[in-house]
Amino acid sequence: MARSSRARTGSRVTRCFPCYDGDRTGDFSGCNVPNDLLPSLGATAAAQPTSGKYLVSPYGRRYRVWETFLILLVVYSAWICPLEFAFLRHLPRAPFVVDDVVNGFFAVDILLTFFVPYVDNRSYLVVDDPKKIALRYLSTWFIFDVCSTVPFRSITRLFTRHEHSLGLKFLNVLRLWRLRRVSSLFARLEKDIRFNYAVIRCTKLISVTLFAVHCAGCINYLIADRYPDPARTWIGAAHPDFREDGLWVRYVTCLYWSITTMTTTGYGDLHAQNAREMLFGISYMLFNLWLTAYLIGNMTNLVVHSTSRTRDFRDMVQAATEFAARNQLPRQIEEQMLNHICLRFKAEGLKQQDTLDILPKAMRSSISLYLFFPVVQGAYLFRGVSPSFIQQLVTEMVAEYYAPKEDIILQNEYPSDLHLLVTGEVDIVAFLDGTEQVYGKATEGGLLGEIGVLCNKPQPFTFRTAKLSQVLRISRPKLMDIIQENAEDGEIIRINLEQVNV
């Protein structure tokens with residue numbers, strides 16, 4: 001199975017990466033479902049190569065702390081970059097020293113990215129092949145990251161004294177490329193049930209608005225500062241000696257103009273005085289039309305519709321928590337409920353079963369044979385049976401995911417299904433005199449509940465997952481029909497069962 005998996009992808013992939021504290025796709029607080037990836041259908045332990053020695057886990061705690069630290073630096077860059085763009089000649093030396101230090105941190109992150117595995121968008125698998133990682137980064141965001149990190153101002157000062165040229169200003173604006181990290185942060189926080197979804201969305205919308213106000217005010221000041229006649233500018237008409245004012249006074253004046261324009265309050269003491277300012281005012285107001293439509297649309301979607309899938313998930317978690325508290329359920333049962341809801345949410349996002357259901361039966365059978373034939377054939381109960389028997393068996397099996405600490409089969413339960421563990425680990429538990437005892441563990445390739453199914457008697461054990469597990473399930477009636485149709489294979493199965501359970 002490992003060989004076929006690698007042949008399919010053509011690169012080194014990790015089927016189930018170690019879990020972490022926060023989402024690539026979001027944090028599912030209150031459950032033990034790993035937040036990274038579900039194992040692919042038919043994946044086995046042999047198909048899970050370990051990460052390289054020098055690779056950095058994208059889900060590790062240290063890397064998440066590093067990403068959070070970079071977000072703070074991005075916020076600083078987003079504020080200081082437009083300010084330097086407009087007020088470069090009026091700023092003290094200290095901010096430029098800080099800029100070089102910030103650029104150094106992002107340069108380190110560029111190097112670090114070459115050692116961080118990534119998630120393939122088509123297969124949802126983590127690729128940890130160093131060559132694939134480097135090739136993907138070089139062909140996507142590498143050039144943009146480098147251009148946004150180069151200290152153009154410091155380099156320019158080595159060759160010329162013209163520090164305030166517009167060319168330099170535009171080069172420094174490339175640092176705003178880093179804002180894509182903030183968008184990724186909000187995408188993760190929106191799925192984190194520990195935070196209020198409406199608050200996160202409102203914070204995002206407010207941040208976009210404030211950034212637009214900040215940038216527009218700085219650009220409009222630059223137009224006035226570069227105009228030949230200061231008296232014929234929007235700020236010079238109200239404050240003839242505006243260049244003599246302090247930086248804080250000029251900056252607040254710019255924000256005041258920007259907000260009055262955005263909110264369509266109307267112009268009073270500050271308004272355009274020349275063609276340049278009028279053209280920029282027209283552009284800014286047209287942009288505000290789009291921004292207003294964006295804000296209203298998002299607020300309407302937030303209040304009326306929201307995001308139905310994420311909202312339904314949060315409601316289900318809240319309802320399950322309240323149900324457990326109202327009925328005073330044990331903590332173990334409550335955890336099982338939450339884990340199942342979280343796992344169902346993640347599995348629905350992959351839409352694997354939905355994809356299989358829309359295909360013709362013959363095609364579904366071909367896919368099942370390709371994915372599960374080696375796994376079923378390796379189970380002890382089916383050793384020595386004919387390939388045709390395995391084929392009939394595999395086409396009737398259904399793949400399911402189980403969260404950690406979730407019961408697959410209960411002791412004394414009527415036998416209804418046979419389960420085959422594909423990935424994960426399951427505890428074999430029995431209750432004697434009211435005491436729970438673990439008799440053993442089932443690992444990849446192990447069968448669950450075969451004694452009860454084949455002997456038609458209550459299940460002797462409880463099978464409880466110890467970690468995220470993928471299980472193949474086939475109903476007892478279908479299994480018995482296949483055995484009856486293949487009498488010789490049925491005899492082999494009986495012998496295998498007796499040999500193992502003597």
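The first residue in the sequence is number 1, and the count goes up from there.
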If you round to the nearest 0.5 Å, how far is [atom2] of [Y] from [atom1] of [X]?
{"X": "L73", "Y": "T68", "atom1": "CG", "atom2": "OG1", "result": "11.0 Å"}
{"X": "T292", "Y": "M262", "atom1": "OG1", "atom2": "CE", "result": "7.0 Å"}
{"X": "S469", "Y": "F463", "atom1": "OG", "atom2": "CZ", "result": "13.0 Å"}
{"X": "S416", "Y": "I409", "atom1": "OG", "atom2": "CD1", "result": "7.5 Å"}
{"X": "I483", "Y": "L393", "atom1": "CD1", "atom2": "CG", "result": "8.0 Å"}
{"X": "L472", "Y": "L421", "atom1": "CG", "atom2": "CG", "result": "9.0 Å"}

Return each pair, listed once, that meets ring-ring contact (aromatic ring centres under 6.0 Å, His included) where at least one residue sits in residues 409-454; pairs must be two or more places apart or across chains.
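The answer is Y439-F461.
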Do the side chains of [Y] and [X] get nearer than 4.5 Å, heavy atoms only?
{"X": "Y118", "Y": "D128", "answer": "no"}
{"X": "T443", "Y": "V426", "answer": "no"}
{"X": "F323", "Y": "L329", "answer": "yes"}
{"X": "V471", "Y": "V422", "answer": "no"}
{"X": "D99", "Y": "E84", "answer": "yes"}
{"X": "V199", "Y": "C202", "answer": "no"}
{"X": "Q459", "Y": "V453", "answer": "yes"}
{"X": "Y251", "Y": "Y256", "answer": "no"}

Quick check: are there more than 12 heavy atoms from other residues, nucleotides or ligands sitting under 6.0 Å from [atom1] of [X]?
{"X": "R326", "atom1": "CZ", "result": "yes"}
{"X": "K441", "atom1": "NZ", "result": "yes"}
{"X": "W66", "atom1": "CH2", "result": "yes"}

One thing to verify: whether [Y] and [X] come together as a salt bridge, which I'm taking to mean a side-chain N less than 4.0 angstrom from a carboxylate O.
{"X": "R464", "Y": "D427", "result": "no"}
{"X": "R476", "Y": "E450", "result": "no"}
{"X": "D109", "Y": "R181", "result": "yes"}

So does [Y] get a backbone contact from the side chain of [X], meaning a donor-acceptor N/O pair under 3.5 Å?
{"X": "D129", "Y": "K131", "answer": "yes"}
{"X": "S183", "Y": "L179", "answer": "no"}
{"X": "E334", "Y": "R331", "answer": "no"}

Would you please indicate if the ring centroids of W290 and Y294 are separated by under 6.0 Å?
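When the ring centroids of W290 and Y294 are compared, they turn out to be within the sub-6.0 Å range.
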Please report the C-alpha distance between F69 and F105 in whole Å, then the side-chain angles of each, then the deciding distance to 0.1 Å, and finally whether the ring-ring contact (aromatic ring centres under 6.0 Å, His included) criterion is met.
CA-CA 10 Å; F69 174 68; F105 283 109; 5.0 Å; yes
On a heavy-atom basis, which atom in [X] and which in [Y] lie closest, and how many Å separate them?
{"X": "V74", "Y": "R178", "result": "CG1-O, 3.4 Å"}
{"X": "P82", "Y": "S77", "result": "CD-O, 4.3 Å"}
{"X": "V213", "Y": "S258", "result": "O-OG, 3.0 Å"}
{"X": "P58", "Y": "V116", "result": "CB-CG1, 3.7 Å"}
{"X": "T465", "Y": "I408", "result": "CG2-CD1, 3.6 Å"}
{"X": "R175", "Y": "S148", "result": "CG-O, 3.3 Å"}

Intermediate values then yes/no, side-chain contact (heavy atoms from CB on, under 4.5 Å), I80 and L83:
CA-CA 5 Å; I80 197 65; L83 199 66; 4.1 Å; yes
On the 0 to 90° scale, with breaks at 30° and 60°, tag the H214-F211 ring pair as parallel, tilted or perpendicular.
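Answer is tilted, since the angle falls between 30° and 60°.
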Show the numbers, then the answer: is there a side-chain contact (heavy atoms from CB on, under 4.5 Å) between R180 and W141?
CA-CA 11 Å; R180 64 187 179 86; W141 310 126; 4.2 Å; yes
Stepwise side-chain contact (heavy atoms from CB on, under 4.5 Å) test for L72 and Y76
CA-CA 6 Å; L72 298 178; Y76 168 79; over 6 Å; no
Pair E396-Q392, side-chain donor/acceptor within less than 3.5 Å:
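Side chains of E396 and Q392: no pair found under 3.5 Å.
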Compute whether any side-chain donor of one residue and acceptor of the other, for Y137 and D145, lie under 3.5 angstrom apart.
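D145 and Y137 do have a side-chain donor-acceptor pair below 3.5 Å.
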Residue that, paired with Y402, satisfies side-chain hydrogen bond (donor to acceptor under 3.5 Å, both in side chains) out of E406, K405, E400
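One option only clears the test, and that one is E400.
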Would W177 and F106 count as a ring-ring contact (aromatic ring centres under 6.0 Å, His included) here? Give the steps.
CA-CA 12 Å; W177 164 254; F106 282 100; over 10 Å; no
Working for side-chain contact (heavy atoms from CB on, under 4.5 Å), residues Q437 and V429:
CA-CA 6 Å; Q437 298 181 11; V429 181; over 6 Å; no
